[in-house]
Amino acid sequence: MRDRVAASDPGLLRLAAGLRTVASIALALVVLALIGADVPHLVAGAMAAMVSTFAVREKRRGPQAVTLALGLPVALASVTLAALLHSHVVAGDLFFVALIFGAVYGRRFGDRGTALGLIAFQLYFVSLFVGATVADLPELYVSVVTAVVCSALVRFALVPETPAGTLERLREAFRARLAQLVSAQLELLDAGPGEADRALHGVREGTARLHETALMIQGRLEEGTADEATARLVQRRVADAEIAAERLGLLLLTARSAERTDTLTLHLPGAPVPTAGRLPVRDQAADTLRRDLRGLQLLVQHPGGTALAQVRNRLLSYRDEENLPGASPAVQDAFRGIGEAARAVLGLRTALDGPQDESDDTPSTARSREELDAEDAAIDGAQDTAAKEEEERGLRRPTTRAAVQVAVGSSLAIVGGELLSSHRWYWAVLTCWIVFLNTSSTGEILVKGYRRLLGTVFGVVAGIVLAGLVGQHTWTAFALVLVFVFLMFYTAPLSYTLMSFFVTAALGLLYTLLHTYSLSVLVLRIEETALGAACGVFAAALVLPVNTGRRTDDLLGTVLERLGEVTGTAVEQLSGGPPAELLDQARDLDRALADLRAATKPLTHPVTPLRARRDSARYVVALLETAAYHARSLAATAELLPTHPSIAADPRLRGAGRRIAHNIEAIAAHVADDRAGDRVQTGPSIASLLEPDVPGSSRYGRVTDRVLRHLQRLDEVVVGLARPLGAPVGPADGG
């Protein structure tokens, strides 16, 4: 059960956010109730506690304390101005628009600017919600100060969060998800023809979830580890385990198929299991493979013991050719994959838990430990050479553009909202503000607005039912509000629609507490939400618009650039070039690909009418994920060169990689300008470009074969990208 919870909520980040927010609200309510605050100020204190808790996003405790301390005067100033402008409609509206612009523009100053902007906007909204006037300011100040103090107490004492603790929980989540992926791979191995596609979907999902956790760990390493060397060691071991697990899935797919599996199968949603084959039911090698997969799962899940040491030794022995069971080449490759995965688990365990008991080591295990120790020493001496990107300026800066857009959209929402209701117009403004949060294109805003409206409609229905049941039972209503707030934060990363549902249901209860509940008010909430979403989409489409296609083209260009960097650097190092920061480059590629995947969601949304474009976007992303897998694998192999005498550089690879580099550049140029003249080159296979220097000599070793397979598949995938992207293709000059 612990592993299931850890895997479903990596780092327990959602659980901690929900508990921290609910505890802050509950503590603020208790304190305010003890000093005799009335219901409107209880509501104001609860909302202020919620905002001051979720707005602060820094990872370290010191910066969190500074942001919270700065947030208090910002909150007090915001509620003061809202109360002063309460009776001055035009001036209040103009100031609200200016405040919205400043709050969004403040995102350019990082987490602190974002937090202070959120606090300023939300506290102004709280004042409007409770109808605060100048006469109410003393009680409102007490509510806000109490809320911020309670938020600080909960954050730093009752439900503390430390970077090291979060990273430790993320590590446990990675191990849990790795074990789940191995379990899914075992199910795929045993699945019959009617179950194979479902089992493959499970492997795809497990691979994606493992990759997601690896990226989350990457984002927490700097703050959560003692020094840079430790961070780099954990980064390397997590990357090794991720690559080994993904490769094992591909090898198992091939082992149960009649021919070698196309790696795109693992990344393209809906792609069927190739040839729908399956392993022999009671073949000795197949039974051994199943047993060893279960053993690998145990190695991931449990820390050690004599029995597990024997399992570990057996799995690591498959890294030696003489220990492979007699079977077909594809099944033997699967055993090799298990051996490499066991080595990655050993390295991960050592990096995360420290030195292990070596008393039961066999020669194969001792050799693996020596390799890992040599890699650790090489990682210790590594230097960070990451380059910083040039920042855009003026209206091209995303924060400036978004600030202008949301200011225009909010102005329209104020005007339209006033026409619908002179007392509840701010709901339209809130929706317009929210649909711009964490969005970058018109399509993303449209999808977010649609989801918020859908959640609001269902939330209104729930609010009607709950308001009738709760009536005027104040503390019962507050208890239900706390439950909904927790669920709102717990479900927010999973479903924006669900989050909107819980927000609206909670607001229905707050209306009941403020004696302003009625069916017409909740229906008005739907109307204002629809209006706010429409104003947001209108502003995004007409004011400094960022077309979804243009946004995805920009991100696609970035992904191709990162792919070219990783591939070129890896091939250069495999050819005998100097060492480079390949893992950092590979993670930059992963982050760029994650941004592209998020940006294409409007294109791949189930309700999109452009079905052909949706399928094309999915296919392109799947191709890029496949290319990224091969690039990561090349990078991981290249980093082994300084520490593994069995892996030798081959200068001939430099020439073999030139075509891939040229094709990536040609596609990137075509994406940037469809009139670009460079064409994607086709020609003989990569392997044929590396003929042996001496006739009759052995061409390649096992590691070189693996490098060639990755290069060959990368070459095919890059050429495959040309068709959906419309890039010209032709044979190389003289080919």
Side-chain angles (χ1 to χ4, degrees), residues 4-26 46-47 50-51 53-55 57 118 122 125 173 205 208-209 212-213 216 427-428 430-439 443-467 469-470 477-512 522-523 525-530 532-533 536-537 594 597-602 604-608:
R4 284 182 178 274
V5 172
S8 65
D9 181 15
L12 302 181
L13 297 180
R14 302 200 316 272
L15 179 65
L19 289 177
R20 193 175 298 115
T21 306
V22 167
S24 298
I25 296 172
M47 296 179 74
M50 180 178 71
V51 173
T53 302
F54 80 74
R57 310 291 294 187
L118 273 171
Q122 296 286 0
F125 172 81
E205 189 176 70
R209 285 158 62 88
E212 173 196 24
T213 311
M216 293 173 74
W427 287 121
L430 180 67
T431 299
C432 182
W433 155 277
I434 288 177
V435 296
F436 274 95
L437 291 178
N438 301 318
T439 52
E444 290 179 76
I445 291 169
L446 179 61
V447 171
K448 192 170 184 180
Y450 149 78
R451 288 173 173 167
R452 183 167 183 83
L453 181 59
L454 187 64
T456 299
V457 171
F458 287 110
V460 163
V461 175
I464 293 171
V465 174
L466 290 170
L469 293 175
V470 172
F478 270 124
L480 283 174
V481 167
L482 290 178
V483 172
F484 288 145
V485 167
F486 173 80
L487 293 173
M488 176 181 72
F489 281 92
Y490 194 79
T491 59
L494 303 177
S495 170
Y496 188 72
T497 301
L498 271 179
M499 187 201 76
S500 300
F501 167 82
F502 290 122
V503 169
T504 305
L507 287 172
L509 292 171
L510 292 178
Y511 278 134
T512 303
L522 292 181
V523 172
R525 168 97 168 102
I526 296 177
E527 295 172 345
E528 296 278 3
T529 298
V537 172
R597 194 182 301 111
T600 57
K601 284 183 178 179
T604 59
H605 195 274
V607 301
T608 179

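Owing to the predicted nature of the structure, the values given are computational and were not obtained by experimental measurement.
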**Student:** Look up atom CG in L15 and atom CZ in F486, then write down how far apart they are to the nearest 0.5 Å.
**Tutor:** 5.0 Å
**Student:** At what distance, to the nearest 0.5 angstrom, does CG of L466 lie from CZ of F484?
**Tutor:**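 Taking CG in L466 and CZ in F484, the distance rounds to 4.5 Å.
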**Student:** If I compare all heavy atoms of S24 with all of T53, which pair ends up nearest, and what's the gap?
**Tutor:** OG-OG1, 3.1 Å
**Student:** Apply side chain to side chain donor-acceptor pair (under 3.5 Å) to T21 and list each qualifying residue two or more places apart in sequence or on a separate chain.
**Tutor:** none
**Student:** Could you check whether any side-chain heavy atom of L454 comes within less than 4.5 Å of a side-chain heavy atom of Y450, counting everything from C-beta outward?
**Tutor:**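 Yes - at least one pair of side-chain heavy atoms lies under 4.5 Å apart.
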**Student:** Within a strict 4.5 Å, meaning less than it, do heavy atoms of the L453 and I526 side chains meet?
**Tutor:** yes
**Student:** Where is the tightest heavy-atom contact between T213 and P10, given as atom of each residue plus distance?
**Tutor:**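 Closest heavy-atom pair between T213 and P10: OG1-CG, 4.0 Å.
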**Student:** Would you say F54 and L118 make side-chain contact, with heavy atoms under 4.5 Å?
**Tutor:** yes
**Student:** Just do the side-chain contact (heavy atoms from CB on, under 4.5 Å) check on Y490 and D9 with the steps written out, would you?
**Tutor:** CA-CA 9 Å; Y490 194 79; D9 181 15; 3.8 Å; yes
**Student:** Nearest 0.5 Å, what's the CD-CG distance between Q122 and L430?
**Tutor:** 6.0 Å
**Student:** Run the numbers on R452 and T456 for side-chain hydrogen bond (donor to acceptor under 3.5 Å, both in side chains), then give the verdict.
**Tutor:** CA-CA 6 Å; R452 183 167 183 83; T456 299; 4.9 Å; no
**Student:** How long is the gap from CG on L510 to CG on L480, to the nearest 0.5 Å?
**Tutor:** 11.0 Å
**Student:** Please report the shortest heavy-atom distance between V460 and R525, naming the atom on each side.
**Tutor:**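 Closest pair (atom of V460, atom of R525, distance): CG2-CG, 4.4 Å.
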**Student:** Could you measure the distance from the CG atom of L469 to the CG atom of L509? Nearest 0.5 Å is fine.
**Tutor:** 10.0 Å
**Student:** Got a donor-acceptor contact below 3.5 angstrom from the R451 side chain to the S500 backbone?
**Tutor:** no
**Student:** How long is the straight-line distance from CG of L482 back to CZ of F478, given to the nearest 0.5 Å?
**Tutor:** 8.5 Å
**Student:** May I ask you to decide if the ring planes of W427 and F125 are parallel, tilted or perpendicular, using 30° and 60° as cut-offs?
**Tutor:**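 Aromatic pair W427/F125 classed perpendicular.
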**Student:** Mind listing the closest non-hydrogen atom pair of C432 and V435 along with its distance?
**Tutor:** O-CG2, 3.2 Å
**Student:** Can you give me the closest heavy-atom contact between T431 and A533, atom names plus distance?
**Tutor:** CG2-N, 3.5 Å
